[in-house]
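Below is one structure; the comments refer to it alone.
Counting starts at 1 for both ligands and their atoms, following the listed order.
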Amino acid sequence: MNRNYQKELDELISQLEGQKIRPSLYLHSCCAPCSSYVLFYLSKYFDITLFYYNPNIMPKAEYEKRLAEQHRLLEEAYSSIKFVEGEYEQDKFLEMSKNLASEPEGGRRCHKCYELRLGETAKRAKEGGFDYFASTLSISPHKNATILNEIGDHYGQEYGIKHLPSDFKKKEGYKMSIALSKKYDLYRQTYCGCLLNNVVE
Ligand code: SF4
């Protein structure tokens, strides 16, 4: 049976509200535009630390440009959100994507790329004593929420930390991210991140 991740998140949030609990959340961010809506949505219910870990972004100048936009968004709209930058371990990404350069977007290379980023997020969330971890990635219409949630659940079990179910593109989430990007005049990149086969977002 197909899971409805948005419904699962709605139910969880309503339980937390009923119990007057505001958990901590270690939230992986792929970029400022995607995080704009997810922060708008989740910061009402969670104490969020945003984790920018994207060794898949090429070249380094593009990584820095997206990172600067992430900082700007936080300063202008979410100044109470804590921020952590991960390592720019491009060797790790290139090693992981070896022999997968010709894969289409959404294929095996992308699944490995999600594993790399979600695995690191889960590990750090556990080390930091957070209640939950999640990623903004499911907001993209190009990214399969089932695969992302299965990977998140897997690392949640491996590291012993709760994975927050998500499909942020639902409930007009993707549209909202575009509206918020306009509002804050955010740089919206024209490709996903790696340049292995010039995948356009
Ligand atoms: S297309 Fe995007 S998700 Fe896929 S491997 Fe490249 S950077 Fe990662």
- prompt: Which of these, F83, F130, Y53, sits in a ring pair (Phe, Tyr, Trp, His ring centres under 6.0 Å) with Y26?
  reply: F130
field: Ligand-residue contact atoms, ligand 1 with C113, heavy atoms, under 4.0 Å
entry: 3 (S), 5 (S), 8 (Fe)
E85 side chain reached by L67 side chain, heavy atoms, under 4.5 Å: yes
message: Does either side chain, that of H28 or that of S135, offer a donor lying less than 3.5 Å from an acceptor on the other one?
response: yes
task: Check whether the side chains of E8 and N4 place a donor and an acceptor atom closer than 3.5 Å, and report yes or no.
output: no
- request: Using a strict cut-off of 4.0 Å, indicate which atoms of ligand 1 neighbour a heavy atom of C194.
  value: 1 (S), 5 (S), 6 (Fe), 7 (S)
field: Under 2.8 Å: N/O/S of C192 next to atom 6 (Fe) of ligand 1
entry: no
- prompt: Does ligand 1 have any atom that is closer than 4.0 Å to a heavy atom of R109?
  reply: yes
- prompt: At a 4.0 Å cut-off, with the gap strictly under it, does some heavy atom of R108 reach an atom of ligand 1?
  reply: no
- prompt: Against heavy atoms of G193, which atoms of ligand 1 measure under 4.0 Å?
  reply: 7 (S)
task: Please check if any side-chain donor atom of Y187 sits under 3.5 Å from a side-chain acceptor atom of E62, or the reverse.
output: yes
statement: Contacts satisfying side-chain hydrogen bond (donor to acceptor under 3.5 Å, both in side chains) that involve residues 29-39 (not counting sequence neighbours) are S29-Q70, S35-Q70
field: ligand 1 contact on R117 by region, counting heavy-atom pairs under 4.0 Å
entry: side chain
